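Since the structure is predicted, the reported quantities are computational estimates derived from the model, not experimental observations. In what follows, chains are A, B, ... by sequence order, proteins preceding strands, each numbered from 1.
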Amino acid sequence: MNFVEELKWRGMLQDIMPGTEELLKKELTSTYVGIDPTADSLHIGHLVGVMMLKLFQHSGHKPIALIGGATGMIGDPSGKSKERNLLDEDSLRHNQECIKKQLEKFIDFSGNSENSAEMVNNYDWMKGFSFLDFIRDIGKSITVNYMIAKDSVKSRMNRDGNDENVEGISFTEFTYQLVQGYDFLHLYQNNNCKLQMGGSDQWGNITTGTELIRRKAGGKAFAITWPLLTKADGGKFGKTESGNIWLDPKRTSPYKFFQFWMNASDKDAEKYIKIFTIISKEEINTLIKEHQEAPHLRTLQKRLAREITVMTHSEDEYNKAVDASAILFGKGTKETLSKLDSETLLSVFEGVPQFKLSKTELLAEIPILDLLVEKTKIFPSKGELRRLMKDNGLSINQEKEQNTEKTFNNNDLINDKFILVRKGKKKYSLIIIVE
RNA sequence: GGGGGGGUUCCAGAGCGGUCAAAUGGGGCAGACUGUAAAUCUGUUGGCGUAGCCUUCGCAGGUUCGAAUCCUGCCCCCCCCA
């Protein structure tokens, strides 16, 4: 199965420029995907692009990851445009290195094969490009008429009609497509890169690039976009109440990462497993069938979570996450909790918010409201905690607690050291007693 | 520069002198049901020692027994015209 066919059945193909498939059949092709280096870690919103590059490499072609050091500073008018903070060069390089390490788990950068991946940063070729040179060499090749015909620009300029949300577009954002288009031209000329891929909102920007290549270099370049991911319930993919799901274990623990995929709805799991794993079509169809026959077993979620956790973190981290889940979501009673030794318990609750309490405070029979609100800040107000307890939503050491007058002492400790606080079904906090 | 509209609790958006901690919807949180799902239903959604008290309706003053609601000044946002 070739790359394009692969994308089609996986639901990862939105638009494709005519001739792209032929190009891929004809020769070893390079493609690039742009990544904003706004942080020193990727989050799962980046993962579709990463998987695109991975599949591309699998099909025998050469992927290029372009770090948008320059473009990230401008702000893309496609989609929403918040203020961009300018990165200084040091953090830019730092972010780039961190991102590369993460990409290496998915893509081969070793340089050992002719389709080994590369990483480039457009800051390298943009930083020395003067404004004057740019508008003369590049700006000359594209008409404003062409640029304002793009949806991303047009939607910001249309003042007729009834849309009152239009806020206009700054010159900087207007220029964005040209800068991104120049990236493509640069890579076309220097890296023989003839294909750019991006989310469907990038179509306009990508075609500015192919247009530029046609006019400046007389060449033909191609484009592929993937559909933007949405959740079945309409929510935004990859965000939880607590924010982004990051690939960096310091930002999002492997346990939470694993849980994110486990919690995918059935519909989403079917979609995700095609996109975020490289399991074959036959096997995925079997998995989907199994899942539909016995949905409560959640075959899809389990497999999805396994594949992607192992790929992103490691087999080891995956196993830990499974163990932790078994304790937390199995019949986790006070007894099973007590059976764990301190070390296992700590690893299970790694990544769960932890708070320290001194032994003396415990011995003073600290009241539950003081402990959970003032002492540990697990709850922001006593009113909220009272409410939650009234609704039967609080567990201490896996046992429901409704008595707001409760005080704590030695008998409430697991392993003489811990108090496990659970809010609702899934949110845990751990209080550790220190001398 | 001229004219108009507006800033309310997480968001949207009512309220326009007392019965307003402030309608309604969304979102959040929790409970029931479940499969750590979806849907549904229920409760809850400023703080506190919860009878009651305190802090909130852009900011600062004022009128009044009493103001989110009226007046004055200031700040900010949007639209139209030039």
Enquirer: Do any pairs count as a side-chain hydrogen bond (donor to acceptor under 3.5 Å, both in side chains) and have a residue in residues 1-17 of chain A, sequence neighbours left out, and if so which ones?
Expert: A/Asn2-A/Glu21, A/Glu6-A/Trp9, A/Glu6-A/Arg10
Enquirer: Can you tell which of B/A30, B/A37, B/G47 lies closest to the side chain of A/Asn263?
Expert: B/A37
Enquirer: Can you check the distance between B/U44 and B/C70, where both ends of the measurement are the P atom (answer in whole Å)?
Expert: 32 Å
Enquirer: With nearest nucleotides of RNA chain B determined for A/Lys390 and A/Glu384 from heavy-atom distances, which residue corresponds to the more 5′ nucleotide?
Expert: A/Lys390
Enquirer: Counting heavy atoms from C-beta on, name the nucleotide in B/C29, B/A37, B/U36 closest to the side chain of A/Asp266.
Expert: B/A37
Enquirer: Which nucleotide, B/G35, B/G31, B/G49, lies nearest any side-chain atom of A/Pro295?
Expert: B/G35
Enquirer: Go nucleotide by nucleotide along RNA chain B from the 5' end; which of A/Ala264 and A/Gly424 gets its closest nucleotide reached first?
Expert: A/Gly424
Enquirer: To the nearest angstrom, how far is A/Tyr428 atom OH from B/U36 atom P?
Expert: 12 Å
Enquirer: Is there a donor and acceptor pair closer than 3.5 Å between the side chain of A/Lys382 and the base of B/U50?
Expert: no
Enquirer: How long is the line joining CD of A/Glu374 and P of B/G47, in whole Å?
Expert: 14 Å
Enquirer: Are A/Ser381 and B/G46 close enough that a side-chain N or O sits under 4.0 Å from OP1 or OP2?
Expert: no
Enquirer: Check the distance between B/U44's C1' and A/Lys423's NZ and give it to me in whole angstrom.
Expert: 12 Å
Enquirer: Are A/Phe3 and A/His61, when compared by the centres of their aromatic rings, separated by less than 6.0 Å?
Expert: no
Enquirer: Which value, in whole Å, describes the distance between the C1' atoms of nucleotides B/A68 and B/C16?
Expert: 8 Å
Enquirer: Distance check, C1' atoms only: B/G46 and B/U55, in whole angstrom units.
Expert: 8 Å
Enquirer: Give the nucleotide from the list B/G47, B/U36, B/U34 with an atom nearest to the side chain of A/Lys425.
Expert: B/U34
Enquirer: Taking donor-acceptor contacts at under 3.5 Å, does the side chain of A/Arg387 reach the base of B/U45?
Expert: no
Enquirer: Output the rounded distance in Å from CG (A/Leu300) to P (B/U36).
Expert: 16 Å
Enquirer: Give me the distance, rounded to whole Å, that separates B/G4 from B/G25 when you measure between the C1' atoms they each carry.
Expert: 29 Å
Enquirer: Which nucleotide in the list B/C29, B/U44, B/U36 gets nearest to the side chain of A/Ser325?
Expert: B/U36
Enquirer: Only distances under 3.5 Å count here; give the side-chain donor-acceptor pairs of residues 44-57 of chain A to other protein atoms, sequence neighbours excluded, each with its distance to 0.1 Å.
Expert:
{"from": "A/His46", "atom 1": "ND1", "to": "A/His43", "atom 2": "N", "distance (Å)": "3.1"}
{"from": "A/His46", "atom 1": "ND1", "to": "A/His43", "atom 2": "O", "distance (Å)": "3.4"}
{"from": "A/Lys54", "atom 1": "NZ", "to": "A/Phe106", "atom 2": "O", "distance (Å)": "3.1"}
{"from": "A/Gln57", "atom 1": "OE1", "to": "A/Asp108", "atom 2": "N", "distance (Å)": "2.9"}
{"from": "A/Gln57", "atom 1": "NE2", "to": "A/Asp108", "atom 2": "O", "distance (Å)": "3.0"}
{"from": "A/Gln57", "atom 1": "NE2", "to": "A/Asn115", "atom 2": "O", "distance (Å)": "3.0"}

Enquirer: Could you give the distance separating B/C48 and B/G35 at their P atoms, to the nearest angstrom?
Expert: 37 Å
Enquirer: Nearest to the A/Lys427 side chain among B/U36, B/C29, B/G35, which nucleotide is it?
Expert: B/C29
Enquirer: Given the P atoms of B/U8 and B/G3, what is the spacing between them in whole Å?
Expert: 25 Å
Enquirer: Can you tell which of B/G35, B/U36, B/U45 lies closest to the side chain of A/Gln301?
Expert: B/G35
Enquirer: If the plane angle is over 60° it's perpendicular, under 30° parallel, otherwise tilted; pick one for A/Phe349 and A/Tyr428.
Expert: tilted
Enquirer: Checking base pairs now: Watson-Crick or wobble, both atom distances under 3.5 Å. What partners B/G1?
Expert: B/C81
Enquirer: B/G47 P sits how many Å from A/Phe379 CZ, rounded?
Expert: 13 Å
Enquirer: As a test of reading the structure: which of B/G35, B/U36, B/C29 is closest to the side chain of A/Phe258, going by heavy atoms?
Expert: B/U36
Enquirer: State the pairing partner of B/U24; accept Watson-Crick or G-U wobble contacts with both distances under 3.5 Å, and report none otherwise.
Expert: B/A12
Enquirer: Rounded to whole angstrom, note down the P distance from B/A67 over to B/C59.
Expert: 16 Å
Enquirer: Counting heavy atoms from C-beta on, name the nucleotide in B/G43, B/G35, B/A37 closest to the side chain of A/Ser265.
Expert: B/A37
Enquirer: Tell me: CD of A/Glu270 to P of B/A37, nearest whole Å?
Expert: 18 Å
Enquirer: Would A/Phe129 and A/Tyr182 count as a close aromatic pair, with their ring centres under 6.0 Å?
Expert: yes
Enquirer: State plainly whether the residues A/Glu290 and A/Arg303 are in salt-bridge range, i.e. N to O under 4.0 Å.
Expert: no
Enquirer: What distance, rounded to whole Å, do you find between the two P atoms, one in B/G18 and one in B/U69?
Expert: 11 Å
Enquirer: B/G47 C1' sits how many Å from A/Leu369 CG, rounded?
Expert: 14 Å
Enquirer: Specify the separation, in whole Å, of atom CD of A/Gln259 and atom C1' of B/U36.
Expert: 6 Å
Enquirer: Between A/Tyr32 and A/Phe184, is the ring centre distance below 6.0 Å?
Expert: yes
Enquirer: Have a look at A/Lys302 and say if it touches a base, only the backbone sugar-phosphate, or nothing, with a 4.0 Å heavy-atom cut-off.
Expert: nothing
